[in-house]
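Remember, predicted model here, so these are calculated numbers, not experimental data.
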Amino acid sequence: MKADDEDTVRWTIFVPKKTDVSLRMHLAQAGLKRGSLSKFVAEAVAWRLFDLNVAASKAHNKDVPSDVIEDEIEQALSQVRAERFATRA
């Protein structure tokens, strides 16, 4: 991630010193490169948002039988596959 990229913003965040040291040691052992810290934070945020969305979906669908959910997923996949492969023909 480049600092001058139009799609990036600068954040100021505060984390415990122990977290900072642990993360920087991990990144250094993995061959720290310019932008590694920003990339790590961006990926961590993306994963956390994904996790929150999954938890919200599970809570929303807790009373829906799994076979109904699986049928709806299969219908959606079939539709997308039909559209995707129809454009290739």
Side-chain angles (χ1 to χ4, degrees):
M1 191 176 305
K2 300 183 301 182
D4 61 346
D5 189 351
E6 291 179 21
D7 294 332
T8 62
V9 295
R10 179 177 289 277
W11 283 3
T12 300
I13 60 172
F14 297 91
V15 296
K17 180 76 171 173
K18 184 177 180 180
T19 301
D20 178 61
V21 171
S22 295
L23 176 55
R24 290 181 188 275
M25 284 178 54
H26 170 76
L27 293 174
Q29 290 172 352
L32 177 69
K33 295 183 179 144
R34 185 172 175 86
S36 294
L37 179 59
S38 293
K39 184 177 179 183
F40 187 93
V41 170
E43 289 177 0
V45 169
W47 275 108
R48 180 64 176 138
L49 290 171
F50 176 76
D51 185 53
L52 290 170
N53 284 325
V54 168
S57 293
K58 286 181 177 181
H60 178 75
N61 292 309
K62 68 180 181 190
D63 296 324
V64 179
S66 61
D67 58 330
V68 171
I69 293 173
E70 289 176 17
D71 287 344
E72 289 185 18
I73 291 170
E74 189 56 43
Q75 288 174 12
L77 286 172
S78 295
Q79 181 179 351
V80 169
R81 289 174 181 143
E83 292 170 2
R84 174 172 282 175
F85 293 121
T87 60
R88 290 183 181 178

### Query
Where the side chain of Ser36 meets the backbone of Lys33, is there a donor-acceptor pair that is under 3.5 Å apart?
yes

### Query
Are Phe14 and Val9 connected in a single hydrophobic cluster, I mean Ile/Leu/Val/Met/Phe/Trp/Tyr linked by side-chain heavy atoms less than 4.5 Å apart?
no

### Message
Are Glu74 and Ser78 packed together at the side-chain level, in the sense that at least one heavy-atom pair is separated by less than 4.5 angstrom?
### Response
yes

### Cluster check Trp11, Leu37: I/L/V/M/F/W/Y, side chain < 4.5 angstrom
yes

### Query
When you look at Gln79 and Gln75, which way does the side-chain hydrogen bond (donor to acceptor under 3.5 Å, both in side chains) test go after all the steps?
CA-CA 6 Å; Gln79 181 179 351; Gln75 288 174 12; over 6 Å; no

### Query
What about Val45 and Ile13, same hydrophobic cluster or not, with Ile/Leu/Val/Met/Phe/Trp/Tyr joined at side-chain heavy-atom distances under 4.5 Å?
yes

### Query
Are the side chain of Asp51 and the backbone N or O of Trp47 linked by a donor-acceptor pair below 3.5 Å?
no

#### Entry: ILVMFWY cluster, Leu23 and Val15 together (side-chain gap under 4.5 Å)
yes

### Task
Supply the atom-to-atom distance Leu77 CG to Glu72 CD, rounded to the nearest 0.5 angstrom.
12.0 Å

### Message
Applying a strict under-4.5 Å side-chain criterion to I, L, V, M, F, W and Y, I'd like to know whether Leu32 and Met25 cluster together.
### Response
no

